[in-house]
Amino acid sequence: MIKAPRGTRDLLPPDTALWNFVEAAVRDVFRAYNFHEIRTPIFESTELFARGVGEETDIVAKEMFTWEDRGRQTELIAPIRGLSAPPRISTVEGLQPSSEISQIGEGKGQSLTLRPENTAGVVRAYIEHKLWDRGLNKLFYIGPQFRRERPQKGRYRQFYQIGAEVIGPATAGSESPARDAEILELLATLLDRVGISNWTLELNSVGCPADRAEFNEALRKALDPVAAKMCADCQRRVVTNPLRVFDCKVPEDQPIIEKLPRISQFLDEPCRVHFEQVQAILKSVEVPFVLNDRLVRGLDYYQKTTFEFTHGALGAQNAILGGGRYDGLSEALGGPAAPGIGFAIGEDRLVMSLAESAESVVRKPDVYIAPLGTGMNREAARLARELRRHDLVVDLGDESFRLKKSFEAADRLGARYILIVGENEVKAGAFALKKLASGEQVTVPRGELAQRISRAT
RNA sequence: GUGGGAGUAGCUCAACUGGUAGAGCAUCGGACUGUGGCUCCGACGGUUGCGGGUUCAAUUCCCGUCUCCCACCCCA
């Protein structure tokens, strides 16, 4: 039996109703903040992620689905029919870093990658279509992303993100701490709106690149003498990415980590002021937050404000969304200066955290039509068409069904009413309409059916 | 990528130290030819994840592999 590939899954009813409920609520919230939807390709040039997300990040270094495009010749038809020459798909794992990734783009077959996140794609589109000239600087997206990680609860190889970006020239206000606060307040509204309580907003600032360099230096100095006493992971981090030492959960390491310098001590004046203003606005709009100067986001492009919303009951993957400011990203991708801030919600995790049950958001049929006897399918179809025009949810059976079977079907579907369409009814021009919950049954003339069904509860 | 646990009917789970698989629910049919949710009877449904090994005999023991779950790594 062919099964869904590792780390992917089918979303089935009634769960899909819950997903649609979430997405509808989210679109509502975005509208109120004047965000507009953008849809970018599901795959992009590998180079975009290498430059945008950072070649040293785990995502780019070992978690991308990457393949080499073959231009116009073979496409996928031959290998699939004959199974003789399967398409070559590999992760970047087998490649040498940087040099090869950029070389591939220059050959005949360009290197392509399933998007592991959506910010790079949005910024690429912003640059490509000169969106700053159209006043489009508040964008949101909803869609699948792909990472080749080991699956576990709340983590899939195809997962869904709901995200938004504020991006634009500084003159448009995109650099303002007001945007940071607006984004955070939007998120608080959004979570409340979909019915998630008990979230925690953790807030930090990682400063400008200059601050980070200085801080990294100080961190290395502080770690140098103590690194040998730390866990194996930390020893590796000290070399590759000292910031990540703060993520360590090994108890023995905590006393050492407590004494390390903090990024907050290295923020320059503009960054410090920016961060203070973000906090001041949050207090003014009464969005609760906790400062966490150990919160360091993984992607290279973050600077200044970084944040995370967490929620219990998600296991180890307790971050329901994360984001931050990325003022240098546009330039890193060859675009104009365009400060920005954004976030990505893990939709899979968001749905998992919902108190709402899938059943409760499914719209059940208002009426089930039971045709009874030869020729009654025709009558039933006409009635169904008419009732559906009145915005009623209608389902129906078949004239060969015994009445009992129709009743059982109506019960199973959770219909509110059953409408019996038999010869007697057609002759009389009035139909037996029975409320399934109470058993109350009335005879209703054709013309009054729609009104009768929609009115009652 | 690393470590641990688990895969038996559509779903939830049984099957003692190896003896060729069973229940509940669900589905379909009947009791009940135009009136359901209850009850009773019956039927359908499994290459016990897949492949190999040990054995007279494997759901059970061993090896490999795939998938899921938990944790690490990392992240949404």
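Order of the sequence lines sets the chain letters (A, B, ...), proteins ahead of strands, with each chain counted from 1. Excluded from the calculations below are hydrogen atoms, water molecules and symmetry mates; all remaining heavy atoms, backbone and side chain alike, are included.
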Distance, P atom - from B:U60 to B:C16, rounded to whole angstrom: 12 Å
NZ or CZ of A:K404 within 45° of A:F407 ring axis and under 6.0 Å: no
Whole-Å distance, A:E308 CD to B:C74 P, equals 13 Å
Taking only the side-chain heavy atoms of A:F407 (C-beta and beyond), determine which of B:G36, B:A76, B:C68 contains the nearest atom. B:G36
Quick one: look up who B:C75 pairs with, Watson-Crick or G-U, both distances under 3.5 Å, and put none if it's unpaired. none
Out of B:G34, B:G37, B:U27, whichever nucleotide has its closest atom nearest the side chain of A:R412: B:U27
Given that both distances must come in under 3.5 Å, which nucleotide forms a Watson-Crick or G-U wobble pair with B:G22? B:C13
Which one, B:A76, B:U35, B:C74, comes nearest to the side chain of A:L403? B:U35
A:R349, nearest nucleotide to its side chain (from B:G34, B:C75, B:G29): B:C75
Got a donor-acceptor pair under 3.5 Å from the side chain of A:D411 to the base of B:G36? yes
Return the pairing partner of B:C68 with a 3.5 Å limit on both distances, Watson-Crick or G-U wobble; otherwise return none. B:G5
Identify whether any heavy atom of A:F401 sits under 4.0 Å from a base atom; if not, whether one sits that close to sugar-phosphate; answer base, sugar-phosphate or nothing. nothing
If I take atom CD in residue A:E63 and atom P in nucleotide B:C75, what distance separates them, rounded to the nearest angstrom? 8 Å
Please state whether the rings of A:Y326 and A:Y301 are parallel, tilted or perpendicular, taking 30° and 60° as the class boundaries. perpendicular
Using atom P in both nucleotides, what's the gap between B:G51 and B:A58 to the nearest angstrom? 14 Å
Over all atoms of both residues, closest heavy-atom pair of A:F215 and A:R262: CE1-C, 3.5 Å
Would you state whether a donor and an acceptor, one from the side chain of A:K404 and one from the base of B:U35, lie under 3.5 Å apart? no
Looking only at atom C1', what distance separates B:C40 and B:C61, rounded to whole Å? 45 Å
Who does B:G42 pair with, Watson-Crick or G-U, both distances under 3.5 Å? B:C28
Donor-acceptor pair between A:Y126 and A:E165 side chains, under 3.5 angstrom: no
In terms of side-chain heavy atoms of A:A319, which of B:G37, B:G1, B:A76 is nearest? B:A76
Base, sugar-phosphate alone, or nothing: which one does A:E423 contact when heavy atoms must sit under 4.0 Å apart? base
Can you tell which of B:A76, B:G36, B:G1 lies closest to the side chain of A:R150? B:G1
Rounding to an integer number of angstrom, what distance separates B:U67 and B:U48 when you compare their C1' atoms? 16 Å
Determine the contact category for A:L321: base if any of its heavy atoms lies under 4.0 Å from a base atom, sugar-phosphate if only primed atoms, P, OP1 or OP2 are that close, otherwise nothing. sugar-phosphate
Give me the distance, rounded to whole Å, that separates B:A14 from B:G7 when you measure between the C1' atoms they each carry. 15 Å
So if I apply the side chain to side chain contact (heavy atoms under 4.5 Å, CB included) rule between A:L203 and each of A:D293, A:L295, A:T305, which one comes out positive? A:T305
Considering every strand and a 4.0 Å limit on heavy-atom distances, what is the contact class for A:K434: base, sugar-phosphate, or nothing? base
Contact class for A:I162 vs. all strands (heavy atom < 4.0 Å): base, sugar-phosphate, or nothing? nothing
Options B:G29, B:C68, B:U27, nucleotide nearest the side-chain atoms of A:R6: B:C68
When you compare B:G22 with B:G5, how far apart are their C1' atoms, in angstrom units rounded to a whole number? 25 Å
Which nucleotide in the set B:A31, B:C68, B:C70 lies at the smallest distance from any side-chain heavy atom of A:K153? B:C70
How would you label the contact of A:E347 with the nucleic acid (heavy atoms, under 4.0 Å): base, sugar-phosphate, or nothing? nothing
Whichever of A:F309 and A:P5 has its nearest RNA chain B nucleotide further upstream toward 5': A:P5
Measure from the side chain of A:Q161, starting at C-beta and using heavy atoms only, and say which of B:G1, B:A71, B:A76 lies closest. B:A76
Decide if the gap between the ring center of A:F140 and the ring center of A:F30 is smaller than 6.0 angstrom. yes
Would one find more than 12 heavy atoms of other residues, nucleotides or ligands at under 6.0 Å from atom CZ of A:R6? yes
Students often get this wrong, so: under 4.0 angstrom with heavy atoms, is A:G439 touching a base, only sugar-phosphate, or nothing? base
Taking B:U27 as the reference, what is the distance to B:A15 when you measure between their C1' atoms (whole Å, please)? 25 Å
Within the structure shown, what part of the strands sits under 4.0 Å from A:D58 by heavy-atom distance: base, sugar-phosphate, or nothing? sugar-phosphate
Which is true for A:G414 with a 4.0 Å heavy-atom rule: it touches a base, it touches only sugar-phosphate, or it touches nothing? nothing
Check whether the side chain of A:R402 and the base of B:C32 form a donor-acceptor pair under 3.5 Å. no
Say we look at B:G29 and B:C13: how far apart would their C1' atoms be, to the nearest angstrom? 27 Å
5′-ward residue of the pair A:A344/A:T8 relative to RNA chain B: A:T8
Selected nucleotide, minimal atom distance to A:E149 side chain, candidates B:C68, B:C73, B:C74: B:C74
Would you indicate what A:A437 reaches in the nucleic acid, counting non-hydrogen atoms under 4.0 angstrom: base, sugar-phosphate, or nothing? base
Is A:F159 stacked on the base of B:A76, with ring centres under 5.5 Å apart and planes under 30° apart? yes
Is it true that A:Y156 and A:E149 share a donor-acceptor pair across their side chains at a distance under 3.5 Å? no
Is there a donor N/O on one and an acceptor N/O on the other, under 3.5 Å, for the side chain of A:E425 and the base of B:G34? yes
